[in-house]
Amino acid sequence: MGRSWFERDDPLIDATHAPAILLDLARDQGLAAQRLLGGTRLEPDAFESAGTRLSAAQWLQLVEQADQALPGHDLAFLFGHRLFPGNQSEVATAWVNAGSLRQALAVLQQAEILASPMLAPRLRTTDAGVEVQWEDRIGCGHARRFMLEAWCTALTSLVNWLSDRRLDWSYRFRHRRPAYVEQYEVHLGSRLEFDAGCDAMTIGQDMLDQAWPRHNESGHRQAMQMLAARLRAQPHRDGFLEMLAAELKRQIRRPPTLEQMAAHLHMSPATLKRKLRLHQSSYQRLVDAVRRDACERLIRDRGFSNEQAATYLNFTDLTNFRRSFKRWTGMTPSEFRRGFTADTPGG
Amino acid sequence: MKQLQLLRLHIRKLLLGIAVLVALCAFNIAVGELKPRADWNAVDLLGEGGTTLIIAIWALLILASRPAGRVTTLLYAGLLTMFAGCFQDFTDELVRMPATVAVWHDWLESMLMLAGMVTLTVGIFLLHREQLVIINQLSRRERIFREHDRVDRITQLGDAGYLRKQLQIELAQCNATGRGFAVLLVDIDRFSGFNREHGHGEGNRMLREIGELMLMNLRPADLLCRYAGDRFAVLMPGANEHIAGEIASQLTTIVEHFSFKTTVDGSTVRNTVSIGAAVSQGETSDDLLARATDALEQVKRSRPGRWQLAA
């Protein structure tokens, strides 16, 4: 494989990691493995010993089948509680011995695909605090919400356990407020925002360096070194959409056209379009998502005025800017400003 | 699978049903003679045949959904007798009885239908009495109406969807009569840690037991639901701040005194719950729940194991 990214059908996730945990959970809830695996061309024993790698497509299918076969809305959250620290020894050891939230987040960032194969965790420090943004690596399609619910719960539950307290995260999701919002309240917390510009969880900076009870510095450091060595042996590749989004972010002020992007990736525009479709996306959707997120951050985190944001993002005029903003968010820029200024005091 | 388990209790009844069917067929073949095809009436055949088949399905569903007992026997006997009547009505369309038999055969047919219906009616009346007993047993678990797909599979309590419906009913009542109500949100402290330490099977068992414990300590008119995860909700019709606070305080105390025993070695695990309470101010159910949630979050942050009334 000459490419520097991975696609839907490339082997990716060790079956004994997250997939085995999902299989156990489904079994606990009375769902036979055969029924869950139907159509994935996987055998139950593949989940018991290392070696089998699921492609993103197989993993997404497995998740969708589990979600459909089991009643209720709590599967993703229950799965999330079981997910971390997980059963990959370097990652789990580095986490269990972490001394603070800062160290725990460093493990997540370092482990990347090992800890979170479908959603790329992006750490960022803003005025509001530290943010973990979950970026779709590969086009999760219908399973996107499930993945977000599970991985947000996983990180929340892990750091609560390690810190021995309840850390107050705020969450933003791009999807609409679900009918079963009580699951979010109980498993994540009540600071929730839906229809947002990105999928992210944020916590105050003052939480970063508070000391945790299970801290073991040498254990943590050794595990981090082993993890680094493992990643040197198997270098990390970005997912197809993740790679495109990174490329677009690099040129956020003047995003390349589809043709330019295709030329940059040494493929024909038709191939790029076909691959995007295969990954449940389209070029316009990707450009819109990246520009919307950037625009909201300029306004929210850096206090840009409309003029400044429009100039930065190279809109021809303010009317055009307002129209695009409305199309992305369903709000005018001033409505958007009111929304987050009204929210800040008292959460 | 559960359905087949219940059917296994009723093998003798099923055999009796088959015997009745075989006997009726044998009687018709021995005594009657087949009518010529030209005399068959398609509409009658479809109508009477369909009715017969549906009664048979009812009888099977009754057996598959009930444990053995007097009520089940009566319901089944009634349906089986009606089945026999209908079956003869149906075969009339296909088979001609000799004149000597025809008169009492018609009479028997009608009497079978009537006897079956009377038996079934007695059965349904007893079913009604049985239902009153069950409703009493389900007190504090369900109220006013029943929706089986809204029952949580672990605690056998209604879920958040059921609670929201009940809140809307209560809100309408409140607007009509002025009677207030309160909601408690009850959260088990450190439940996630318990799961990590003792396993999720034990976690589920603890949820069930704490649920049972709370049921015993509520007023007869109260409703307990499983909101989500380790959070329960109590709907308290007619409760004001004072009553809500009193019950909340009692719930925190009884859970504190409850010693859960693990399966592995029977060792004791102590628990506490934090409670957020809110008395309705006539707002929407979502807003009411949001106030209770805020109160709960405050308690959990500042003094877990206690309760707090929403502002």
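Each chain gets a letter, A, B and so on, in the order its sequence line appears, and its residues count up from 1.
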Asker: With sequence neighbours left out, write down each residue that passes side-chain hydrogen bond (donor to acceptor under 3.5 Å, both in side chains) with B:R306, or none if nothing qualifies.
Answerer: none
Asker: Does anything in residues 212-223 of chain B get under 4.5 Å of chain A by heavy atoms, and if so which residues?
Answerer: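 Listed by number, there are no contacting residues, so the answer is none.
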Asker: Among residues two or more places apart or on two chains, list those pairs meeting ring-ring contact (aromatic ring centres under 6.0 Å, His included) that have a residue in residues 228-266 of chain B.
Answerer: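 Those involving residues 228-266 of chain B are B:F194-B:F260.
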Asker: Shorter than 4.5 Å, heavy atoms on both sides: which option in B:A228, B:G229, B:G201 has the most such pairs with chain A?
Answerer: B:A228
Asker: Enumerate, by atom name, each donor-acceptor pair separated by under 3.5 Å where one atom lies in chain B and the other in chain A.
Answerer:
from	atom 1	to	atom 2	distance (Å)
B:R153	NE	A:Q29	OE1	3.4
B:R153	NH2	A:Q29	OE1	2.4
B:R164	NH2	A:E182	OE1	2.5
B:R190	NH1	A:D164	OD1	2.9
B:S192	OG	A:S157	OG	3.4
B:R196	NH1	A:F84	O	2.8
B:R196	NH2	A:F84	O	3.4
B:R196	NH2	A:S157	OG	2.9
B:Y227	OH	A:E185	OE1	2.8
B:E297	OE1	A:R166	NH2	3.2
B:R301	NE	A:D168	OD2	3.0

